[in-house]
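Labels below follow one simple rule: chain letters A, B, ... track the order of the sequence lines, proteins then strands, and each chain is numbered from 1.
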Amino acid sequence: MEPPQKKGTVTPLGSLFSEEEARKAASYVEERIREKREEMNRLQQFVDENDNLISLVKKLPEKLHHNVMVPFGKKAFFPGRLIHTNECLVFLGENYYTDRTSKQTVDVLRRRDKTLQSQIHSIKAEIDDFQTEASFFANTASEVAEGLLEIREEYEDEEEEVSSATVPQPGVKKESSGFSGEETAEGEVEDDEFARIMSKLNELEMEEEQEDEDGEDKSEEHDSPVESVEDMVKGLGDETKTQETTVSVLEKVSGHSSSVGEPRYSETRVKAKAIHVLPETQPHKDTSDPSTCIGPKPQYIKKEDQSRGGIPQQNAETWRDFQATSAVSRVKVSSSVVGPQKIESIQKPEAKFDTNKAFTGSIVEHTHNMQQPSGFQPPKPVSRFRAQRR
Amino acid sequence: MSSSMALRDLQRDLESKANDLAKIQKDIAKDHQLRKKYTIQLGENELVLKELDLLEEDANVYKLIGPVLVKQDLAEANANVRKRIEYISAELKRVDASIQDNEGQQNSKREAMMKLQQRLQSIQAGKAKA
């Protein structure tokens, strides 16, 4: 019902990363992985050689001498004998050598093995890292190929939307279900009444529209609501009816007019208009009463409805007018109405006025926050007020 | 006429900047290689030092100089290796600084080039219009 409510952004993933780029990145990372693998293999080879050497050095001192083929130059070998089997000249690196016994040599080699292992370990970790990276890139590429959309919404915005857009619909459902139950219970007599109310509502809506077109004459506008409230009260006199009207209103708003009769269609449009205006106007007003959030809300909305199309500068005026009118309506309503809901709604306006007076001057910026709490309850309060208003 | 002159100047400027940039990039690559080499050497030297520390006092230590093994004092070898490590670490630091420096230069050159290119394009666009 409020299409312009979107505050988030929708970006096709493709506009952020081209598929080609993602693939390139993936292949680059794959390349890195291959390099690392090679390095690891090399290290692993060292480790193997080292192991062999260790076993050899361990075996050497077992005999006093070994018969071996001694390499002579590059190609030639001659038979020889390995003596001093317990003595090794160990290369330490950096061209340093040292004489060691076999046992000591094995220790050296073991230490070397340890460092090699730790290196292999770190390379493995790197490879893992690269692999996750590669899979991420590949995923991104495929997602881009699939035309994935990235939808971003700010948290607050989301809540707001929920409050103003999605919640009311559930609310409608609930209420309508409740309503239907009541309807069946109360019989078909109500249907007539209901139809009558709807037509009345229609009338009022038309009136309202006209007024809007006339340029808002506030006193008129306020009068009509009052009257309508009175009428409604007389006609319905109890909760069921207010709820019914609520339902119709909401349904119109949300655009499901399935369960409601035809007459409402025309209203639907009007309603929708009114509601459209709400979000924009609301911010200014809502800001004034963070503390009174719940009760006042209906009032606010009503207010906005009336001043819909109104210009912000007029707000102050409207407020005053509104206060007056609502006072009137209060009186009338209280005289004629019995239902607890009505009383509630009346009381709310009162509280609101006070806060209102206190706050009219100050306009606070963070309206959205305010709106959320208000928006959340609305399904009922709003509708009540609506009913009252008519 | 003057605009075409300016254009030529700009192009020449751009070319020289591109050359500079290429040079700097080469330097960076070189430094990176050097750095890699030094890190490997440092690792090796540390290993040697560890082993030397583990040797007993009277162990024979030799250093391979050319084709001959020269017997060295353990303490001397130890000191040599330490010095070598110090030197390598200093070199590493120097190379790191030079890499950073070069990268900064590279970035500034790149920006300058971007600006030049934009100016060139705008001039060309203006010419096309005229």
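The side-chain contact (heavy atoms from CB on, under 4.5 Å) test with A:Tyr96 singles out one residue from B:Asn78, B:Leu69, B:Leu49, B:Val61, and that residue is B:Val61.
Looking at A:Arg111, the atoms closer than 4.5 Å to chain B (heavy atoms on both sides) all sit in the side chain, from C-beta outward.
The existence of a salt bridge linking A:Arg100 and B:Glu51 is excluded, since no basic side-chain nitrogen approaches an acidic carboxylate oxygen closer than 4.0 Å. Using a cutoff of 4.0 Å between basic side-chain nitrogens and carboxylate oxygens, B:Lys63 and A:Glu94 are not scored as salt-bridged.
No more than 12 heavy atoms of other residues, nucleotides or ligands sit less than 6.0 Å from atom CG of A:Leu64. Applying the 6.0 Å contact sphere to CE of A:Met69 captures more than 12 heavy atoms from other residues, nucleotides or ligands. Within a 6.0 Å radius of CZ in A:Phe72, other residues, nucleotides and ligands contribute 12 heavy atoms or fewer. For B:Arg119, the CZ atom counts as loosely surrounded, since its 6.0 Å shell holds 12 or fewer non-hydrogen atoms of other residues, nucleotides or ligands. Surrounding CZ of B:Arg84 are more than 12 heavy atoms belonging to other residues, nucleotides or ligands, all under 6.0 Å away. Surrounding CZ of A:Phe91 are more than 12 heavy atoms belonging to other residues, nucleotides or ligands, all under 6.0 Å away.
Between the CG atom in A:Leu92 and the CG atom in B:Leu64 there is a gap of 12.0 Å [rounded to 0.5 Å]. Atom CG of B:Leu54 and atom OG1 of A:Thr98 lie 11.0 Å apart (nearest 0.5 Å).
A donor and an acceptor atom, one from each side chain of A:Asn95 and B:Tyr62, are nowhere located under 3.5 Å apart.
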